[in-house]
Amino acid sequence: MEIINRRKRMMSVARRLRREEHRTIGLVPTMGALHEGHLSLIHEARALCDVVVVSVFVNPTQFGPTEDFAAYPRDLTRDSALLAEYNVDYVFAPAAEEMYPPGAATFVTVEGLSNELEGASRPGHFRGVTTVVAILLNVVRPHFAFFGQKDAQQAIIIKQMVRDLAFEAEIVVLPIVREQSGLALSSRNTYLDPQQRQAAAVINGALLRARAAYDDGEHNATRLIDMVREQIGQEPLARIDYVSINDATTLEKLDKIDDQPALLSIAVFIGKTRLIDNVVLGESKKNVVSANA
Ligand code: AMP
């Protein structure tokens with residue numbers, strides 16, 4: 001496994017792999033502080049591609065001025081050891097100046113979709129995400145890039161960017177990996193104390209209850225959302241940012257869920273920690289993965 005810090009080196013390695021060795025490249029973009037959720041993406045990349053590149057970069061442009069950029073957990077030594085265990089070929093871990101050279105002035109924005117849900121709560125967030133992913137796709141030139149359904153809106157926006165700007169990579173989206181309590185794995189879970197961690201299980205609990213109600217025939221979005229709000233309201237440590245039901249591919253807001261799969265998504269503060277989660281209504285449940293399975 002080679003750890004690469006420079007764009008130029010990463011580009012020349014990728015060029016050789018593609019042109020001379022004809023190998024398929026899989027890219028897994030991450031911000032590090034790796035957990036089983038990330039590892040599930042790497043596992044799939046390993047199965048599908050000849051060469052696996054994992055990027056580890058805490059991207060400053062996707063954090064708002066009052067967000068946790070400085071506090072975000074960073075441990076490249078631990079991450080690299082894990083990645084070596086997972087037979088990753090290259091770790092691309094650039095410094096911020098390497099990704100955004102002095103004077104960089106170009107951003108990529110997917111209009112419309114980037115202002116909904118997470119974008120409404122975190123202005124500018126998706127502009128940062130699409131810009132950094134565009135740079136990564138250009139530097140690594142992967143055949144496949146792997147993303148988690150945990151960030152469902154991000155995956156939809158990246159697919160749109162890839163279509164619109166004719167990137168070659170195929171985007172693969174994989175299911176959410178959860179703790180036994182149902183809490184979706186996230187690098188931000190490290191901010192939670194044990195009591196908060198226990199309380200955070202209410203998030204997935206509420207989503208699952210709504211999904212059960214949906215399966216029992218409740219297709220009215222307002223009533224499903226109220227059900228989620230009510231259950232989360234019973235947990236004193238939790239404060240809802242938003243709960244929403246949207247078309248799972250277009251993110252159009254839905255009042256009533258007909259035949260199309262719908263994304264029930266939520267952002268909740270547990271103390272100062274902001275957590276997101278989602279379930280898809282109207283799709284088979286086989287897409288459920290447990291970290292302890
Ligand atoms: P991050 O390091 O949080 O930017 O995440 C990097 C990638 O891992 C993104 O595509 C996430 O959607 C994905 N990811 C994060 N948490 C999970 C999870 N619990 N299950 C599956 N994928 C995840």
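As a basis for the values below, the full set of heavy atoms in this structure was taken, side chains included, without hydrogen atoms, waters or symmetry mates. Numbering of residues begins at 1 and proceeds along the displayed sequence. When a ligand or atom number is given, it counts from 1 through the structure's own listing order. Bear in mind the structure is a predicted one, so any value in this text is a computation, not a measurement.
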Is the distance between the ring centroids of Tyr86 and His43 under 6.0 Å?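 Not close enough - the centres of the two rings lie 6.0 Å or further apart.
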Using a heavy-atom cut-off of under 4.0 Å, does the side chain or the backbone of [X] touch ligand 1, or both, or neither?
X	value
His38	side chain
Pro175	backbone
Leu174	neither
Arg178	neither

State if Gln149 counts as touching ligand 1 under the rule of any non-hydrogen atom under 4.0 Å.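 It does not, in that no heavy atom of Gln149 comes within the 4.0 Å cut-off of ligand 1.
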For Pro29, is the nearest heavy atom under 4.0 Å from an atom of ligand 1?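 Checking ligand 1 against Pro29, which is what was asked, there is a heavy-atom contact under 4.0 Å.
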Between Tyr100 and Asn59, is a side-chain hydrogen bond (donor to acceptor under 3.5 Å, both in side chains) present by the stated rule, with each step listed? CA-CA 10 Å; Tyr100 301 106; Asn59 175 33; 2.6 Å; yes
Looking at [X] and [Y], does any basic side-chain N land under 4.0 Å from a carboxylate oxygen?
X	Y	answer
Arg46	Asp89	yes
Lys256	Asp258	yes
Glu179	Arg197	yes
Asp277	Arg178	yes

Tell me which protein heavy atom sits closest to [atom], plus the residue, atom name and distance to 0.1 Å.
atom	answer
atom 22 (N) of ligand 1	Gly148 CA, 3.6 Å
atom 20 (N) of ligand 1	Val177 N, 2.9 Å
atom 12 (O) of ligand 1	Asp151 OD2, 2.6 Å
atom 16 (N) of ligand 1	His35 CE1, 3.2 Å

Under 3.5 Å: N/O of Gly32 near N/O of ligand 1: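 N/O-N/O distance under 3.5 Å: no.
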Is there a nitrogen or oxygen of Leu185 sitting under 3.5 Å from a nitrogen or oxygen of ligand 1?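 Such a contact does occur with ligand 1.
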Can you list the ligand 1 atoms lying under 4.0 Å from a non-hydrogen atom of [X]?
X	result
Phe147	10 (O)
Ile176	20 (N), 21 (C)
Thr30	2 (O), 6 (C)
Met31	1 (P), 2 (O), 4 (O)

Taking atom types as modelled, is there a side-chain donor on Tyr242 or Glu118 under 3.5 Å from an acceptor on the other?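 Yes, because at least one side-chain N or O of Tyr242 sits under 3.5 Å from a partner of the opposite role on Glu118.
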Donor on one side chain, acceptor on other, Asn278 and Gln149, under 3.5 Å: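 The answer is yes; a qualifying pair exists.
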Same cluster for Tyr214 and Leu208 if Ile/Leu/Val/Met/Phe/Trp/Tyr side chains link at under 4.5 Å?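 Looking at the clustering, Leu208 is in the same group as Tyr214.
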Would you kindly check if the NZ (Lys) or CZ (Arg) of Arg74 is within the cone defined by 45 degrees around the ring axis of Phe69 and under 6.0 Å from the six-membered ring centre?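 Judged by the rule, Arg74 and Phe69 form a cation-pi pair.
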Taking all heavy atoms of Ala213 and all of Leu224, pick out the closest pair and write down the distance.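 Nearest heavy atoms, Ala213 then Leu224: CB-CD2, 3.9 Å.
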Tell me which one of Lys150, Glu36, Gln62, Arg188 gets a heavy atom nearest to atom 23 (C) of ligand 1.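 Heavy atom nearest to atom 23 (C) of ligand 1 belongs to Lys150.
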